[in-house]
Amino acid sequence: MSLNSLASIENWPVPAAAAGVVRADGTVLGVHGPAGRRFPLASVTKPLAAYAVLVAYEEGAIELDEPAGPPGSTVRHLLAHTSGLAFDEHRATSAPGERRLYSNTGFEQLGDHVAKATDIPFAEYLRQAVLEPLGMTATSLEGSPAKDGVSTVEDLLRFAAEVQAPRLLDPRTVAAAMTVQFPGTKGVLPGYGHQNPNDWGLGFEIRDGKSPHWTGASSSPRAFGHFGQSGTFLWIDPDAGAACVALTDRAFGPWAVEAWPPFTDAVLAELRT
C-alpha cells in the first residue's frame with residue numbers, strides 16, 4: 001500500500017522534503033521524497049532524548065522523581081517542561097510545577113543528569129540505548145539533547161514504530177510518556193501562542209484540544225509528538241493506529257502553519273479508507 005496523500009509535500013514551498021507513515025507493527029505504509037536523506041531535526045530531537053532518559057530510568061540509573069534541574073525540580077519536571085527553567089537560559093523564572101515553560105535548557109540539564117548518573121556522554125548513551133537497538137544508523141546527536149539531532153525519515157519511522165509497540169521500554173512507561181503530566185498547567189506552545197492547558201507528557205507534546213495546532217483538525221486528542229523549528233514533525237495518533245514523519249530543509253514559519261494541518265488531515269482520511 002502506498003499513501004497518495006504523502007505526495008502533497010511536493011506542493012510545500014521548501015527546497016527539499018521527505019515524509020512517511022508507519023503502523024504500530026512496523027509496516028511502512030508509504031514514503032515520499034528522499035527518505036534516506038539526513039535532515040537537522042531541531043526539537044524533534046527531544047522525543048529521542050526523552051526515550052533515552054526513560055531507558056535510563058528503567059535501567060535504574062535515575063528515578064523520575066529524583067531532584068534534577070533547579071531547586072525543587074525533578075527529572076519528571078524537566079521532561080514535562082515544568083521545571084521553571086527559562087527557554088534558553090540556565091535560570092528559573094517560576095517555581096517547579098507552576099507553569100509549562102518550554103525549555104531547551106531543561107533538556108540540556110536532563111542530558112547532563114543522565115551522563116553523570118551513567119558515566120556515559122549523553123550522545124553516546126542515546127546511541128547505545130535507542131539508536132543502535134532500533135537500527136537507526138543514520139541518526140546522531142551532534143550537540144544539545146534539546147535540538148541537535150540529525151536523522152532521516154527512514155530512521156524516524158523505526159522510532160515511531162517502537163513508540164507505538166515498545167520493545168526497548170515497558171509499555172507502561174511509554175503510556176506514562178503519552179499521558180499528561182502536571183494536568184491543568186498552562187503556557188506557550190512555541191509558534192502557536194498561549195495554551196490553557198498546554199498539555200505535555202514525558203518529552204512528548206500532547207494535542208488534546210489545542211487550537212490552532214501543527215497536527216490536523218481530524219487528529220485525535222490523544223495524538224502526541226513534536227515539531228521542530230527546522231521544519232520537521234513527528235506525530236503518533238493512537239486512534240489512527242499510525243505515525244507520520246515529515247522532514248524539510250526550510251525553517252518553521254507561516255508556510256508550515258498553513259501546510260501541515262491539511263497534509264495531516266489528508267493522511268488521516270486516507271488511513272481511514
Side-chain angles (χ1 to χ4, degrees), residues 1-9 19-32 43-44 46-48 50-51 54 79-81 100 134 153-185 189 191-192 195-228 232-247 256-273:
M1 173 182 175
S2 181
L3 294 177
N4 298 324
S5 49
L6 294 177
S8 67
I9 63 170
V21 172
V22 66
R23 287 213 184 276
D25 63 3
T27 304
V28 175
L29 297 180
V31 293
H32 194 88
S43 286
V44 174
K46 289 186 176 81
L48 297 173
Y51 220 75
L54 294 174
L79 282 168
H81 297 287
R100 192 85 63 190
L134 295 180
V153 165
E154 286 169 352
D155 271 12
L156 287 178
L157 291 176
R158 292 181 180 99
F159 177 70
E162 158 67 24
V163 178
Q164 293 179 88
R167 293 174 297 145
L168 305 183
L169 288 173
D170 187 304
R172 290 169 296 187
T173 302
V174 179
M178 51 188 268
T179 300
V180 180
Q181 306 289 316
F182 308 99
T185 316
L189 175 62
Y192 290 89
Q195 310 279 334
N196 184 15
N198 188 17
D199 287 340
W200 226 275
L202 297 172
F204 293 92
E205 190 215 331
I206 299 169
R207 188 193 192 289
D208 282 339
K210 293 172 192 170
S211 181
H213 199 254
W214 55 273
T215 58
S218 58
S219 296
S220 79
R222 296 171 65 209
F224 64 101
H226 223 290
F227 83 92
T232 56
F233 71 74
L234 158 68
W235 56 251
I236 297 162
D237 195 329
D239 289 11
C244 181
V245 175
L247 304 179
V257 174
E258 198 178 312
W260 289 354
F263 167 80
T264 286
D265 285 333
V267 168
L268 289 168
E270 198 170 357
L271 286 171
R272 281 193 297 269
T273 57

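Keep in mind that what you see is a predicted model, and the values were worked out from it rather than measured.
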Nearest 0.5 Å please: distance from the [atom1] atom of [X] over to the [atom2] atom of [Y].
| X | Y | atom1 | atom2 | value |
| --- | --- | --- | --- | --- |
| Phe182 | Asp199 | CZ | CG | 12.5 Å |
| Thr173 | Leu202 | OG1 | CG | 9.0 Å |
| Trp200 | Leu189 | CH2 | CG | 5.5 Å |
| Leu271 | Leu29 | CG | CG | 6.5 Å |
| Leu48 | Phe159 | CG | CZ | 5.0 Å |
| Thr27 | Leu157 | OG1 | CG | 11.5 Å |

Original post:
Trp260 vs Phe227 aromatic rings, parallel, tilted or perpendicular, using cut-offs 30° and 60°?
Top reply: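 Rings of Trp260 and Phe227: perpendicular, over 60°.
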**OP:** Quick one: sort the Tyr51 and Phe204 rings into parallel, tilted or perpendicular, breaks at 30° and 60°.
**Re:**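 Tyr51 vs Phe204 ring planes: perpendicular.
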Subject >> Side chain Gln164, main chain Ile236, donor-acceptor under 3.5 Å >> reply: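 No, Gln164 side chain to Ile236 backbone: no donor-acceptor pair under 3.5 Å.
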Taking C-beta and beyond as the side chain, do [X] and [Y] meet within less than 4.5 Å on heavy atoms?
| X | Y | result |
| --- | --- | --- |
| Gln195 | Glu205 | no |
| Lys210 | Asn198 | yes |
| Trp214 | Thr264 | no |
| Pro197 | Asp208 | no |
| Glu154 | Val31 | no |
| Leu134 | Arg167 | yes |
| Leu247 | Phe233 | no |
| Pro238 | Met178 | yes |

Heavy-atom closest contact ([X] atom, [Y] atom, distance):
| X | Y | value |
| --- | --- | --- |
| Ala160 | Leu234 | CB-CD1, 3.8 Å |
| Ala165 | Ala24 | CB-O, 3.4 Å |
| Gln181 | Ala80 | CB-CB, 3.8 Å |
| Ala240 | Leu268 | CB-CD2, 3.6 Å |
| Asp265 | Ser218 | OD1-OG, 2.6 Å |
| Ala50 | Gly203 | CB-CA, 3.7 Å |

**OP:** Evaluate the side-chain contact (heavy atoms from CB on, under 4.5 Å) criterion for residues Asp237 and Phe224: first the C-alpha distance (whole Å), next the side-chain angles of each, then the deciding distance (0.1 Å), finally the verdict.
**Re:** CA-CA 7 Å; Asp237 195 329; Phe224 64 101; over 6 Å; no
Subject >> Basic-acidic side-chain contact under 4.0 Å: Asp25, Arg23 >> reply: no
